[in-house]
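Here the structure is laid out as structure tokens; the discussion comes afterwards.
Chain A is the first sequence line, chain B the second, and so forth, proteins listed ahead of strands; every chain is numbered from 1.
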2 protein chains.
Amino acid sequence: MAAVTSRSQVQRSPLSDTKRKIMKTAAELFAGEGYGSVGTSQISEATGYGKGALYYHIRSKGDLLYDIMTIYLEDLLSEARQILAEKRHVKERVYALSESILRAVVEDKAEMTVCFREVHALEDTRRRSVLRLHGAYLGIWRQVTDDAAREGDFRPLDNDELKALMGMYFYSFLWIGNDRTADIPALAAKFSGIIMRACHA
Amino acid sequence: MAAVTSRSQVQRSPLSDTKRKIMKTAAELFAGEGYGSVGTSQISEATGYGKGALYYHIRSKGDLLYDIMTIYLEDLLSEARQILAEKRHVKERVYALSESILRAVVEDKAEMTVCFREVHALEDTRRRSVLRLHGAYLGIWRQVTDDAAREGDFRPLDNDELKALMGMYFYSFLWIGNDRTADIPALAAKFSGIIMRACHA
DNA sequence: TCGTCGACCGACCGACCGGTATAATATCGT
DNA sequence: ACGATATTATACCGGTCGGTCGGTCGACGA
């Protein structure tokens with residue numbers, strides 16, 4: 001099995017294939033039943049590793065959750081930063097950002113669900129750290145809308161409005177099926193269309 | 001303590017004050033730590049009742065979750081139906097619906113969080129039942145947008161677009177604090193403003 | 001005064017929790 | 001071939017899980 005995902009990857013530490021497989025399986029279980037309802041024996045069984053092997057690769061169940069969130073959010077974030085650097089026009093930016101996050105929602109549905117739905121399961125320090133990543137992602141959009149407002153394309157948006165609009169994306173993992181890969185461009189067009197209309201000066 | 005909530009209540013079965021208190025406390029725990037991570041002993045301790053008393057009022061932990069969701073979603077739904085019956089103009093309808101759900105998010109934050117974030121924790125039959133309630137609520141908005149489209153005020157919206165827009169509301173419990181009671185009208189104005197712009201013909 | 005009843009308690013049940021200890025096996029550089 | 005190291009399985013730990021059970025207690029009707 002190849003050790004790469006389709007989207008760019010921040011290599012914080014080597015991250016073995018085994019650990020990647022464990023994270024994928026765990027994310028699916030967490031997304032399906034909720035972090036608190038999934039036992040380590042269940043993860044062990046689903047991955048095919050015994051508990052010893054499992055705990056050779058993870059430090060704790062909490063760490064596993066934190067790692068899943070961190071890796072996928074950093075991935076999403078680095079893609080967003082790249083889009084911000086490459087595209088200069090509002091419309092392109094909004095479409096590319098929409099396409100980026102919606103592709104993540106479809107292709108890594110379980111992981112994204114965990115990233116946005118299971119934040120409460122983290123202990124305080126880690127929750128704050130993950131919320132910083134959420135905030136950083138929001139910051140990218142904030143910059144897009146502020147730039148657009150400065151150039152007269154968008155009306156100014158306050159934080160409430162921006163967060164409300166982000167909710168469209170952050171809630172979409174609950175209803176966008178992972179069988180909609182082919183629809184990603186259409187979905188991105190719909191989402192970015194809504195953003196463009198909602199923010200029109 | 002009065003046995004009524006501020007918003008209209010569907011009286012399916014008597015629903016004692018004790019059970020109401022248990023539901024409120026449990027909803028706060030579920031919202032704070034996630035259904036699966038909250039134990040019945042914890043609920044028992046937080047309510048001040050022993051486990052015997054607790055299980056005198058509830059059939060199971062799963063039932064408790066289901067009851068919370070059902071009651072609050074039916075409440076939200078009946079309010080929405082009433083708005084649909086009373087208001088005829090799009091703008092009024094959108095504002096009133098926004099105000100209704102945002103007030104629920106602020107005033108019954110924990111319960112609403114559970115209603116929209118813990119669906120996965122339900123066993124199949126009950127999950128389907130709760131998802132029907134979600135669908136019914138979506139149906140109200142569908143009718144509003146369809147009526148508006150028929151009269152030329154809105155462009156036609158497909159299901160993806162409607163669900164995307166609903167995500168704004170359904171995700172808002174994660175960032176709207178329960179200290180914003182005074183801001184409810186302003187929030188409703190912002191949300192409905194976005195809807196009106198996003199749907200403009 | 002008693003019997004009944006709803007509300008409640010806390011000890012207890014077997015099962016399972018997250019996590020560890022120990023040992024067996026696979027891999028690999030030399 | 002050898003030792004070292006990486007990876008895995010299994011048995012097991014104390015503790016907690018959801019839920020039950022026998023029983024207590026005060027209110028109330030007869």
Next item on the list: Could you tell me whether the side chain of Lys87(A) and the main chain of Val94(A) form a donor-acceptor pair under 3.5 Å?
Entry: no

Next item on the list: Give the ring-plane orientation class for Tyr171(A) versus Phe116(B), where under 30° counts as parallel, over 60° as perpendicular and anything between as tilted.
Entry: perpendicular

Next item on the list: Considering non-hydrogen atoms only, spot the tightest contact between Leu122(A) and Arg127(A) and give its length.
Entry: O-NH1, 2.9 Å

Identify every side-chain donor-acceptor pair in residues 23-31 of chain A under 3.5 Å, counting partners at least two apart or on other chains, and give the distances.
unit_1: Lys24(A); atom_1: NZ; unit_2: Glu111(A); atom_2: OE2; d: 3.0
unit_1: Thr25(A); atom_1: OG1; unit_2: Lys21(A); atom_2: O; d: 2.9

Show me the side-chain donor-acceptor pairs of residues 160-170 of chain A shorter than 3.5 Å, one per line, residues at least two apart or across chains.
unit_1: Asp160(A); atom_1: OD1; unit_2: Arg180(B); atom_2: NH1; d: 2.9
unit_1: Asp160(A); atom_1: OD2; unit_2: Arg180(B); atom_2: NH2; d: 2.8
unit_1: Asp160(A); atom_1: OD2; unit_2: Lys190(B); atom_2: NZ; d: 2.9
unit_1: Glu161(A); atom_1: OE1; unit_2: Asp158(A); atom_2: N; d: 3.1
unit_1: Glu161(A); atom_1: OE2; unit_2: Arg155(A); atom_2: NH1; d: 3.0
unit_1: Tyr169(A); atom_1: OH; unit_2: Ser98(A); atom_2: OG; d: 2.7

Next item on the list: Would you indicate, yes or no, if dC17(C) has its OP1 or OP2 atom less than 4.0 angstrom from a side-chain nitrogen or oxygen of Ser41(A)?
Entry: yes

Check: Whole-Å distance between dG18(C) C1' and Leu64(A) CG?
Finding: 13 Å

Could you list the protein-to-nucleotides 7-9 of chain C atom pairs, N/O on both sides, closer than 3.5 Å?
unit_1: dA7(C); atom_1: OP2; unit_2: Tyr56(B); atom_2: OH; d: 2.5
unit_1: dC8(C); atom_1: OP2; unit_2: His57(B); atom_2: NE2; d: 2.6
unit_1: dC9(C); atom_1: OP2; unit_2: Gly50(B); atom_2: N; d: 2.6

Next item on the list: Return the value, rounded to whole Å, for the distance between atom OH of Tyr35(A) and atom P of dC17(C).
Entry: 13 Å

Notebook entry, point to check: Going by the side-chain hydrogen bond (donor to acceptor under 3.5 Å, both in side chains) test, which pairs reach into residues 192-201 of chain A, not counting sequence neighbours?
Noted result: none

Notebook entry, point to check: Which pair of non-hydrogen atoms, one from Val38(B) and one from Glu33(B), has the smallest distance, and what is that distance?
Noted result: CG2-CB, 4.0 Å

Check: Using the C1' atoms of five pairs at each end, what's the angle between the two axes of the helix from dT1(C)-dA30(D) to dT30(C)-dA1(D), to 10 degrees?
Finding: 10°

Check: Can you check whether Gly62(B)'s main-chain N or O pairs, donor with acceptor, with Tyr35(B)'s side chain at less than 3.5 Å?
Finding: yes

Next item on the list: Using whole Å, report how far OH of Tyr55(A) lies from C1' of dT22(C).
Entry: 18 Å

Check: Mind checking which nucleotides bracket the chain B contacts on DNA chain D, 5' to 3', with an atom under 4.0 Å from a heavy atom?
Finding: dC17(D) to dC21(D)

Check: Is a side-chain N or O of Lys109(A) found less than 3.5 angstrom from the main chain of Phe173(A), in a donor-acceptor match?
Finding: yes

Notebook entry, point to check: With distance as the sole test, does His134(A) use its side chain to make a donor-acceptor pair with the main-chain N or O of Cys115(A) at under 3.5 Å?
Noted result: yes

